[in-house]
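As structure tokens, the structure follows; a few thoughts come after it.
In each ligand, atom 1 is the first atom listed, and ligand 1 is the first ligand listed.
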Amino acid sequence: MRSLFFFLLLVVLLCVTANADEVKCHFCGESITGDYYVFESGLTVCKECYQTSPKCALCSVPMKEFRTVGGKKVCLQCYDKAVVCDLCGELILGEYKIFSGDRKVCSNCLRRPHKCVSCGIPLKGYHDVYGQKVCGDCYQKGDKCYTCGEPILGEYLIYDNDQSKRYCLHCVQVYHHCEVCGAPVGQDSVLLDDGRIICKDCLPKGYYKLEDVLPFKETVLKFMGEDLGMKVKHRVKYLLVGKDRLKEENKHGSEDQSGLFVRRNDDFKVLILYGLRQGEIFQVLPHEIAHAWQAENCGFDLEAIDLEGFAEWVSYKFLDHVKFEYKQKVMLKREDVYGKGLRKMLDIEKRGGPEAVFSYMTTAGKGPGEKKK
Ligand SMILES: [Zn+2]
Ligand SMILES: [Zn+2]
Ligand SMILES: [Zn+2]
Ligand SMILES: [Zn+2]
Ligand SMILES: [Zn+2]
Ligand SMILES: [Zn+2]
Ligand SMILES: [Zn+2]
């Protein structure tokens, strides 16, 4: 709060004109014979001119010339420092408060009942943002929600590590979340054939044809072969499928499964959800191919933490190779068997290198047990 005080600088000199020096009124130019006024600036005015002249609203000095500010007359000296209230438009005579954007508000207006939730300025008119009153300035400037375009008041969320898109809590609550990137879809959502709802931004980034995904598979297989020494001997059939098909093949799979390895005897299949972006495909493909490798090289009664942990580790290594660090971070943070398993494998790798991970996997779960499907 910045306050300005205007002090009345009025020096009144009552004079009895008995002396010889002639005094002239600066307003009417007449020689003064009776009482007169002298002000700090040296301005000398006869009693009659004083009484008939308008007075400055700020310093009270009589004026011959004046300017009108906020409905009040001020002298030329005061004109430069005169402040007008941004809300009522009147000249501010006493204290005032300055809000962001250099908006000045007089003490009268400070008593208005409603304040902007963002900057605190008392409100004259306002915008209603989901029940919160916001001043015009705050409504215009500042970050807007990517989905609804309304200003973000306080908290917001981001998805998919994209700092350029911020989402207000209202949209986070009311809208369906995109099944690819996780962001609220807003009103322009896209419904895929399998019932998934995705956002309009993810639609063009997704892959919907197997032939477009196969080159990624080659990249993954090359990495797994050359960098990790993993080769799957069986012929693997790759399929791009909808969520309905994934559920059909794996009824107990999680809601967010986006890939699946299916083995029926010597029939190896890798199913990948269509509509995923490159980043998701780069995460899912190595994971499912790793399961195919496990089917050839590991015991049949692997615990979930080892089964999924190793597949995640292969995926993690590939994401490192293609520099998708953000996906790696998300994988590391998971608290389910995927995250715990991944951390377990990374721990084994830290102590004995990748060889230790492979030797752990090829011996783990190799009990005397029967083949389980
Ligand atoms: Zn005069
Ligand atoms: Zn003045
Ligand atoms: Zn005011
Ligand atoms: Zn405001
Ligand atoms: Zn919003
Ligand atoms: Zn999306
Ligand atoms: Zn898996």
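For the pair D320 and K317, the salt-bridge criterion is not met [side-chain N within less than 4.0 Å of a carboxylate O]. A salt bridge is defined here as a Lys NZ or Arg NE, NH1 or NH2 lying under 4.0 Å from an Asp or Glu carboxylate O, and R343 with E335 meets this definition. Contact check on K327 versus E280 returns a salt bridge, with a Lys/Arg side-chain nitrogen under 4.0 Å from an Asp/Glu carboxylate oxygen. A salt bridge does not link K269 with D267: none of the charged nitrogens is closer than 4.0 Å to a carboxylate oxygen.
Scanning all heavy atoms of the two residues, the minimum distance from V357 to I348 falls at N-CG2, 3.8 Å.
Ring geometry, Y37 versus F39: the interplanar angle falls under 30°, so the pair is classed parallel (tilted spans 30 to 60°).
For residues 219-229, the salt bridge (charged side-chain N to carboxylate O under 4.0 Å, His left out) pairs, not counting sequence neighbours, are K222-E226. Sorted by first then second residue, the salt bridge (charged side-chain N to carboxylate O under 4.0 Å, His left out) pairs that include residues 126-150, not counting sequence neighbours, are R103-D137, D143-R166.
Sorted by chain and number, the protein atoms of type N, O or S within less than 2.8 Å of the Zn ion (ligand 1) are C25 SG, C28 SG, C46 SG, C49 SG. Around the Zn ion (ligand 5), the protein atoms of type N, O or S that sit closer than 2.8 Å are C145 SG, C148 SG, C168 SG, C171 SG.
Geometry about the Zn ion (ligand 7) gives an angle of 100° between NE2 of H291 and OE1 of E308, rounded in steps of 10 degrees.
Looking at E95 and S107, their side chains never bring a donor and an acceptor atom within 3.5 Å of each other.
Cation-pi geometry between R263 and F268 is not met: the NZ or CZ atom fails to fall both under 6.0 Å from the ring centre and inside 45° of the normal.
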